[in-house]
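Keep in mind the model is a prediction, meaning the values are calculated, not measured. Just so you know, residue 1 is the first one in the sequence shown, and it goes up from there.
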Amino acid sequence: MQRQENNIYYAGFFVRLAAWAIDSLLVGVLLFIIKLPMIVATFGVTEGNLFKEVLFQFTVWDILFYILAKSYYVATTYCTGATVGKKLMNIKVVPAREDKITLWNILYRETIGKYLSDLFLCIGYIIVGIDKEKRGFHDMLSDTRVIYNLKRDFNIQEEKIKVDSVKFNQKEEEEVQYKAAAYGYQSEQKRMDENRSEETLSEAEESEQNDENDIP
């Protein structure tokens, strides 16, 4: 994690790898759910337009599922700035210069950019670990960066401070009430002691006066 002058922290190789693993698992499960009824419906069928190679060695099925998988990455990144995996890792994709990331940048990044990053032993992804701004080749091509979503952390911390402050104020108020009650009890006890002292003194004076009156 590397810090920039404006307090931006770039997401490094391993946290992005973890996000990719989560997204790959999620997309794999979703595609399997979609594929299952299709596999059942076409069981034993080996001929037809769906099974013909139409683009290099890829069939219509391959292209369809590729589009579905890429649609997940494009839609989630464009709409929220992060896929499910990135959200769990608290990172997001942002434009390097523009205020808002464009749909074209996301399409270019998730298709052509990642295809080129996959070439030559995935060197386009490996350079994330050595680049100053933690960019992959697809980030360089689309002029995007992957950073930590610190705003969310700050909001959570702020809410925690507010809750702690409320708890502290409640505790302080309870202590004040307790002290006030204790002080009131002590004051009442002191007043009762003073009344007893006055009554005792009055009885003593009255007794002394009676003794004087009894003397002939």
Legend entry - Result of checking Lys132, Arg135, Lys134 against Tyr10 for side-chain contact (heavy atoms from CB on, under 4.5 Å): Lys134
Legend entry - Connected via hydrophobic side-chain network under 4.5 Å: Val128 and Val93: no
Inset, instruction - Report the residues that fulfil side chain to side chain donor-acceptor pair (under 3.5 Å) with Thr76, sequence neighbours left out, ordered by chain and then residue number. - result: none
Legend entry - Contact check, side chains of Met140 and Ile127, non-hydrogen atoms, under 4.5 Å: yes
Legend entry - Leu17-Ile22 co-clustered via ILVMFWY side chain contacts under 4.5 Å: no
Inset, instruction - Could you tell me whether the side chain of Ile34 reaches within less than 4.5 Å of the side chain of Leu68, counting heavy atoms only? - result: yes
Inset, instruction - Would you sort out whether Phe13 and Ile130 count as a side-chain contact (heavy atoms from CB on, under 4.5 Å), showing the intermediate values? - result: CA-CA 9 Å; Phe13 176 79; Ile130 59 176; over 6 Å; no
Legend entry - Residue pairs, two or more places apart or on separate chains, that pass salt bridge (Lys or Arg N to Asp or Glu O under 4.0 Å) and touch residues 70-86: none
Inset, instruction - Decide if atom CG of Leu119 counts as having more than 12 heavy atoms of other residues, nucleotides or ligands within a radius under 6.0 Å. - result: yes
Legend entry - Pairs where residues 12-27 contributes a residue and the test salt bridge (Lys or Arg N to Asp or Glu O under 4.0 Å) is met, not counting sequence neighbours: Arg16-Asp139
Legend entry - Side-chain heavy-atom pair Thr111, Tyr66 within 4.5 angstrom cut-off: yes
Legend entry - Shared hydrophobic cluster for Leu116 and Trp20 (ILVMFWY, side-chain gaps under 4.5 Å): no
Inset, instruction - Consider only side-chain heavy atoms of I, L, V, M, F, W and Y, link residues closer than 4.5 Å, and tell whether Leu26 and Val74 are in one cluster. - result: yes
Legend entry - Same cluster (ILVMFWY, side-chain, under 4.5 Å), Ile112 and Ile106: no
Legend entry - Heavy-atom closest contact (Ser71 atom, Ile67 atom, distance): OG-O, 2.6 Å
Legend entry - Considering all heavy atoms, the nearest Ala82-Ile91 contact: CB-O, 3.5 Å
Legend entry - Closest contact, heavy atoms only, Glu133 versus Asp131: N-OD2, 2.9 Å
Inset, instruction - With Lys114 as the cation and Tyr73 as the aromatic partner, state whether NZ or CZ is under 6.0 Å from the six-membered ring centre and within 45° of the axis. - result: yes
Inset, instruction - Decide if the gap between the ring center of Tyr125 and the ring center of His138 is smaller than 6.0 angstrom. - result: yes
Inset, instruction - Grab the two heavy atoms, one from Val94 and one from Ile101, that are nearest each other, plus how far apart they are. - result: C-CD1, 4.4 Å
Legend entry - Rounded distance (nearest 0.5 Å) linking atom CG of Asn90 with atom CG of Leu150: 7.5 Å
